[in-house]
Amino acid sequence: MCIQTLKNKEGNRSGFWTAEEDQKLAQVIQLHGPTKWQSLAINAGLNRSGKSCRLRWMNYLRPNIKRGNISDQEEDLILRLHKLLGNRWSLIAGRLPGRTDNEIKNYWNSHLSKKIMKQNKEKQTKKKKKLVQEMIKEVDHNYHNDYNHNHNGYYDNDIGCSKRNEIISIFDQDNYYLNSTLWDEPLNLVWMSNFLEVDETNNN
DNA sequence: AAAAAAGTCAACCGCCACGAT
DNA sequence: AATCGTGGCGGTTGACTTTTT
(Lines give C-alpha, C1' and ligand atoms only; values in the text may rest on other atoms or scores of the structure.)
Protein backbone atom coordinates (compact mmCIF):
# COMPACT_ATOMS: atom_id res chain seq x y z
CA MET A 1 0.00 0.00 0.00
CA CYS A 2 1.28 3.44 -0.83
CA ILE A 3 1.60 5.65 2.24
CA GLN A 4 0.55 9.22 1.78
CA THR A 5 3.04 11.91 2.74
CA LEU A 6 0.67 14.85 2.61
CA LYS A 7 0.80 17.83 4.91
CA ASN A 8 -2.06 19.78 6.37
CA LYS A 9 -2.41 23.56 6.66
CA GLU A 10 -0.23 23.71 9.79
CA GLY A 11 2.48 21.74 8.05
CA ASN A 12 1.80 18.59 10.03
CA ARG A 13 1.72 15.18 8.48
CA SER A 14 -1.68 14.01 7.40
CA GLY A 15 -3.11 10.91 5.81
CA PHE A 16 -2.87 7.29 6.90
CA TRP A 17 -0.99 6.38 10.03
CA THR A 18 2.03 4.09 9.91
CA ALA A 19 2.63 1.28 12.41
CA GLU A 20 5.60 3.25 13.73
CA GLU A 21 3.44 6.31 14.42
CA ASP A 22 0.84 4.15 16.14
CA GLN A 23 3.52 2.69 18.36
CA LYS A 24 4.90 6.10 19.30
CA LEU A 25 1.47 7.42 20.14
CA ALA A 26 0.51 4.35 22.18
CA GLN A 27 3.75 4.60 24.18
CA VAL A 28 3.33 8.25 25.07
CA ILE A 29 -0.32 7.70 26.02
CA GLN A 30 0.76 4.87 28.30
CA LEU A 31 2.99 7.35 30.11
CA HIS A 32 0.78 10.43 30.22
CA GLY A 33 -2.75 9.25 29.62
CA PRO A 34 -5.07 10.21 26.75
CA THR A 35 -5.32 13.97 27.40
CA LYS A 36 -3.63 17.17 26.22
CA TRP A 37 -3.41 15.94 22.67
CA GLN A 38 -1.34 18.83 21.39
CA SER A 39 1.48 18.20 23.83
CA LEU A 40 1.11 14.43 23.47
CA ALA A 41 1.80 14.79 19.79
CA ILE A 42 4.97 16.76 20.54
CA ASN A 43 6.09 14.37 23.31
CA ALA A 44 5.61 11.42 20.99
CA GLY A 45 7.78 13.12 18.39
CA LEU A 46 4.92 12.94 15.96
CA ASN A 47 4.59 15.62 13.36
CA ARG A 48 0.82 15.35 13.69
CA SER A 49 -1.87 17.64 14.99
CA GLY A 50 -3.35 16.93 18.41
CA LYS A 51 -6.67 16.34 16.75
CA SER A 52 -5.23 13.73 14.44
CA CYS A 53 -3.67 11.92 17.41
CA ARG A 54 -6.90 11.99 19.36
CA LEU A 55 -8.84 10.60 16.42
CA ARG A 56 -6.35 7.81 15.87
CA TRP A 57 -6.50 6.83 19.52
CA MET A 58 -10.26 7.03 19.83
CA ASN A 59 -10.99 5.10 16.66
CA TYR A 60 -8.18 2.55 16.45
CA LEU A 61 -5.67 2.37 19.24
CA ARG A 62 -7.62 2.54 22.46
CA PRO A 63 -8.30 -0.79 24.14
CA ASN A 64 -11.41 -2.89 23.57
CA ILE A 65 -12.15 -1.50 20.13
CA LYS A 66 -14.19 -3.85 17.96
CA ARG A 67 -13.58 -3.57 14.25
CA GLY A 68 -15.71 -4.87 11.40
CA ASN A 69 -18.13 -7.83 11.42
CA ILE A 70 -21.12 -5.96 12.75
CA SER A 71 -23.52 -8.61 13.98
CA ASP A 72 -27.22 -8.85 13.13
CA GLN A 73 -28.06 -7.83 16.68
CA GLU A 74 -25.81 -4.78 16.43
CA GLU A 75 -27.28 -3.86 13.06
CA ASP A 76 -30.76 -4.12 14.44
CA LEU A 77 -29.81 -1.91 17.37
CA ILE A 78 -28.24 0.68 15.05
CA LEU A 79 -31.40 0.77 12.94
CA ARG A 80 -33.63 1.22 15.96
CA LEU A 81 -31.39 3.83 17.58
CA HIS A 82 -31.10 5.76 14.34
CA LYS A 83 -34.85 5.85 14.04
CA LEU A 84 -34.94 7.28 17.54
CA LEU A 85 -31.93 9.61 17.47
CA GLY A 86 -31.19 10.41 13.84
CA ASN A 87 -27.55 11.03 12.83
CA ARG A 88 -26.29 11.33 16.38
CA TRP A 89 -23.51 8.84 15.84
CA SER A 90 -21.69 9.20 19.10
CA LEU A 91 -24.88 8.62 21.06
CA ILE A 92 -25.62 5.55 18.98
CA ALA A 93 -22.06 4.29 19.34
CA GLY A 94 -22.34 4.78 23.07
CA ARG A 95 -24.94 2.02 23.15
CA LEU A 96 -22.72 -0.41 21.22
CA PRO A 97 -19.74 -1.43 23.35
CA GLY A 98 -16.44 -1.24 21.47
CA ARG A 99 -17.88 0.51 18.45
CA THR A 100 -16.88 4.02 17.45
CA ASP A 101 -19.04 6.80 16.09
CA ASN A 102 -16.97 6.85 12.92
CA GLU A 103 -17.52 3.16 12.28
CA ILE A 104 -21.26 3.41 12.90
CA LYS A 105 -21.48 6.43 10.61
CA ASN A 106 -19.53 4.68 7.85
CA TYR A 107 -21.59 1.53 8.24
CA TRP A 108 -24.76 3.53 8.01
CA ASN A 109 -23.67 5.46 4.96
CA SER A 110 -22.36 2.49 3.00
CA HIS A 111 -24.79 -0.25 4.06
CA LEU A 112 -27.83 0.73 6.02
CA SER A 113 -28.98 3.90 4.27
CA LYS A 114 -29.30 1.97 1.00
CA LYS A 115 -31.05 -0.88 2.76
CA ILE A 116 -33.55 1.53 4.30
CA MET A 117 -34.11 3.27 0.98
CA LYS A 118 -34.79 -0.07 -0.71
CA GLN A 119 -37.23 -1.09 2.02
CA ASN A 120 -39.07 2.22 1.78
CA LYS A 121 -39.28 1.96 -2.00
CA GLU A 122 -40.73 -1.54 -1.73
CA LYS A 123 -43.31 -0.39 0.78
CA GLN A 124 -44.24 2.52 -1.47
CA THR A 125 -44.58 0.27 -4.51
CA LYS A 126 -46.80 -2.12 -2.59
CA LYS A 127 -48.99 0.75 -1.45
CA LYS A 128 -49.17 2.18 -4.96
CA LYS A 129 -50.11 -1.16 -6.47
CA LYS A 130 -52.90 -1.67 -3.99
CA LEU A 131 -54.29 1.76 -4.72
CA VAL A 132 -54.16 1.27 -8.48
CA GLN A 133 -55.84 -2.11 -8.20
CA GLU A 134 -58.67 -0.61 -6.19
CA MET A 135 -59.13 2.17 -8.72
CA ILE A 136 -59.08 -0.22 -11.65
CA LYS A 137 -61.81 -2.17 -9.92
CA GLU A 138 -63.83 1.00 -9.56
CA VAL A 139 -63.35 1.98 -13.19
CA ASP A 140 -64.20 -1.55 -14.23
CA HIS A 141 -67.45 -1.21 -12.37
CA ASN A 142 -68.27 2.08 -14.10
CA TYR A 143 -67.19 0.69 -17.43
CA HIS A 144 -69.76 -2.03 -17.33
CA ASN A 145 -72.57 0.13 -16.06
CA ASP A 146 -71.99 3.31 -17.99
CA TYR A 147 -74.37 3.90 -20.92
CA ASN A 148 -71.93 6.52 -22.32
CA HIS A 149 -69.49 3.83 -23.20
CA ASN A 150 -69.78 3.97 -26.94
CA HIS A 151 -70.08 1.23 -29.49
CA ASN A 152 -66.35 1.24 -30.42
CA GLY A 153 -65.48 0.22 -26.91
CA TYR A 154 -64.16 3.72 -26.11
CA TYR A 155 -64.58 4.90 -22.61
CA ASP A 156 -65.77 8.46 -22.77
CA ASN A 157 -67.70 9.42 -19.68
CA ASP A 158 -66.36 12.14 -17.39
CA ILE A 159 -66.02 10.09 -14.23
CA GLY A 160 -64.26 7.32 -16.05
CA CYS A 161 -61.88 9.76 -17.75
CA SER A 162 -60.91 11.47 -14.57
CA LYS A 163 -60.45 8.11 -12.83
CA ARG A 164 -58.29 6.98 -15.67
CA ASN A 165 -56.29 10.17 -15.35
CA GLU A 166 -55.79 9.52 -11.65
CA ILE A 167 -54.63 5.99 -12.26
CA ILE A 168 -52.09 7.17 -14.79
CA SER A 169 -50.74 9.85 -12.48
CA ILE A 170 -50.40 7.46 -9.55
CA PHE A 171 -49.20 4.45 -11.44
CA ASP A 172 -46.94 6.18 -13.88
CA GLN A 173 -45.38 9.12 -12.04
CA ASP A 174 -42.11 8.66 -13.89
CA ASN A 175 -43.93 8.41 -17.21
CA TYR A 176 -42.05 5.18 -17.61
CA TYR A 177 -44.58 2.53 -18.50
CA LEU A 178 -47.42 4.50 -19.95
CA ASN A 179 -47.60 7.14 -22.61
CA SER A 180 -50.13 9.32 -24.32
CA THR A 181 -51.34 6.52 -26.62
CA LEU A 182 -53.31 5.26 -23.66
CA TRP A 183 -55.75 8.04 -24.36
CA ASP A 184 -56.52 6.64 -27.77
CA GLU A 185 -57.34 3.21 -26.49
CA PRO A 186 -60.19 1.81 -24.48
CA LEU A 187 -59.03 1.27 -20.94
CA ASN A 188 -57.82 -2.28 -21.13
CA LEU A 189 -57.68 -3.76 -17.70
CA VAL A 190 -55.90 -6.91 -18.76
CA TRP A 191 -53.28 -4.77 -20.44
CA MET A 192 -53.00 -2.62 -17.32
CA SER A 193 -52.46 -5.65 -15.11
CA ASN A 194 -49.59 -6.79 -17.33
CA PHE A 195 -47.77 -3.65 -16.27
CA LEU A 196 -48.46 -4.39 -12.66
CA GLU A 197 -46.72 -7.74 -13.09
CA VAL A 198 -43.78 -6.12 -14.85
CA ASP A 199 -43.57 -3.65 -12.00
CA GLU A 200 -43.47 -6.50 -9.52
CA THR A 201 -40.66 -8.40 -11.25
CA ASN A 202 -38.62 -5.22 -11.58
CA ASN A 203 -38.71 -4.73 -7.86
CA ASN A 204 -37.68 -8.23 -6.87
C1' DA B 1 -7.45 -8.05 -19.92
C1' DA B 2 -8.36 -3.51 -18.97
C1' DA B 3 -10.99 0.46 -18.16
C1' DA B 4 -14.79 2.49 -15.75
C1' DA B 5 -17.94 2.67 -12.14
C1' DA B 6 -19.29 1.78 -7.60
C1' DG B 7 -18.27 0.83 -2.93
C1' DT B 8 -15.57 1.26 1.39
C1' DC B 9 -13.71 3.56 5.17
C1' DA B 10 -9.76 6.22 7.47
C1' DA B 11 -9.00 10.67 8.12
C1' DC B 12 -9.73 15.67 7.57
C1' DC B 13 -12.37 19.91 8.19
C1' DG B 14 -15.29 23.28 10.14
C1' DC B 15 -18.20 24.25 13.70
C1' DC B 16 -19.67 24.42 18.39
C1' DA B 17 -19.52 24.02 23.51
C1' DC B 18 -17.10 24.66 27.47
C1' DG B 19 -13.69 25.71 30.84
C1' DA B 20 -9.60 28.47 31.93
C1' DT B 21 -7.45 32.76 31.92
C1' DA C 1 -16.83 40.31 29.34
C1' DA C 2 -13.77 38.72 25.89
C1' DT C 3 -10.45 35.64 24.20
C1' DC C 4 -8.15 31.36 23.74
C1' DG C 5 -7.24 26.43 23.79
C1' DT C 6 -9.11 22.00 23.71
C1' DG C 7 -12.19 18.29 22.95
C1' DG C 8 -16.02 16.41 20.61
C1' DC C 9 -19.15 15.91 16.82
C1' DG C 10 -21.12 15.23 12.14
C1' DG C 11 -20.41 16.03 7.23
C1' DT C 12 -17.45 15.18 3.74
C1' DT C 13 -13.42 13.81 1.05
C1' DG C 14 -10.50 11.05 -1.52
C1' DA C 15 -7.25 7.02 -1.61
C1' DC C 16 -7.77 2.53 -2.19
C1' DT C 17 -10.40 -1.79 -3.34
C1' DT C 18 -13.82 -4.42 -5.53
C1' DT C 19 -17.17 -5.18 -8.97
C1' DT C 20 -19.03 -4.48 -13.37
C1' DT C 21 -18.80 -3.63 -18.16
Side-chain angles (χ1 to χ4, degrees), chain A residues 1-126 128 173-177 197-204:
Chain A
M1 190 207 292
C2 148
I3 301 297
Q4 295 173 79
T5 52
L6 301 170
K7 290 190 172 184
N8 67 9
K9 277 193 292 192
E10 290 83 31
N12 289 323
R13 241 182 73 77
S14 70
F16 293 115
W17 281 65
T18 63
E20 195 191 347
E21 286 178 308
D22 282 347
Q23 206 179 357
K24 281 183 180 173
L25 182 61
Q27 271 172 358
V28 80
I29 286 173
Q30 210 165 21
L31 285 174
H32 300 102
T35 55
K36 312 253 178 194
W37 294 102
Q38 200 79 49
S39 54
L40 268 187
I42 295 162
N43 284 336
L46 289 166
N47 188 19
R48 292 264 183 183
S49 69
K51 266 189 161 186
S52 181
C53 293
R54 179 189 160 273
L55 197 73
R56 186 65 187 169
W57 172 258
M58 298 302 269
N59 286 340
Y60 299 93
L61 298 178
R62 93 185 132 102
N64 305 321
I65 290 273
K66 270 193 229 163
R67 320 236 330 106
N69 298 325
I70 289 186
S71 69
D72 291 347
Q73 287 90 339
E74 284 178 307
E75 185 177 305
D76 182 56
L77 190 54
I78 294 168
L79 285 166
R80 285 190 288 128
L81 286 169
H82 188 270
K83 204 170 181 182
L84 196 70
L85 302 166
N87 294 1
R88 297 169 76 180
W89 307 116
S90 66
L91 276 180
I92 295 172
R95 312 289 299 184
L96 289 125
R99 299 294 183 186
T100 68
D101 53 357
N102 210 34
E103 186 172 28
I104 304 286
K105 178 172 58 183
N106 281 335
Y107 190 70
W108 178 271
N109 287 334
S110 57
H111 298 92
L112 298 182
S113 65
K114 280 163 210 156
K115 203 171 176 176
I116 291 286
M117 259 200 293
K118 200 177 163 214
Q119 278 174 2
N120 286 345
K121 207 181 166 194
E122 278 165 4
K123 266 188 209 166
Q124 232 179 351
T125 305
K126 239 181 188 171
K128 203 160 88 172
Q173 277 164 352
D174 310 324
N175 213 10
Y176 185 68
Y177 296 123
E197 276 157 27
V198 168
D199 198 28
E200 197 154 21
T201 52
N202 279 352
N203 278 285
N204 283 342

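Every chain is numbered from 1, with letters handed out A, B, ... down the list of sequences. Just so it is clear, the model here is predicted, and its values are computed rather than measured.
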Whether A:Arg48 engages the ring of A:Trp37 as a cation-pi pair (distance to the six-membered ring centre under 6.0 angstrom, angle to the ring normal within 45°) should be assessed.
no
Is there a donor-acceptor pair closer than 3.5 Å between any side-chain N or O of A:Glu21 and the backbone N or O of A:Thr18?
yes
Establish, with yes or no, whether the OP1 or OP2 oxygen of [N] is under 4.0 angstrom from a side-chain nitrogen or oxygen of [X].
X       : N      : result
A:Arg88 : C:dC9  : no
A:Trp89 : C:dG11 : yes
A:Arg48 : B:dA11 : no
A:Ser52 : B:dC12 : yes

In chain order, what residues pass the side-chain hydrogen bond (donor to acceptor under 3.5 Å, both in side chains) check against A:Arg56, with sequence neighbours excluded?
A:Asp22
Among residues 102-111 of chain A, which contact DNA chain C at a heavy-atom distance under 4.0 Å?
A:Lys105, A:Asn109
Compare the minimum distances between each of C:dG10, C:dG7, B:dA11 and the side chain of A:Asp101, then state the nucleotide with the smallest one.
C:dG10
Are the side chains of A:Arg67 and A:Thr100 in touch, meaning some heavy atoms are under 4.5 Å apart?
no
Taking the side chain as every heavy atom from C-beta outward, state whether A:Trp89 and A:His82 have any pair of such atoms under 4.5 Å apart.
yes
Check nucleotides 15-21 of chain B for protein N or O atoms closer than 3.5 Å to its own N or O atoms and list the pairs.
residue: B:dC15; atom: N4; partner: A:Lys51; partner atom: NZ; Å: 3.0

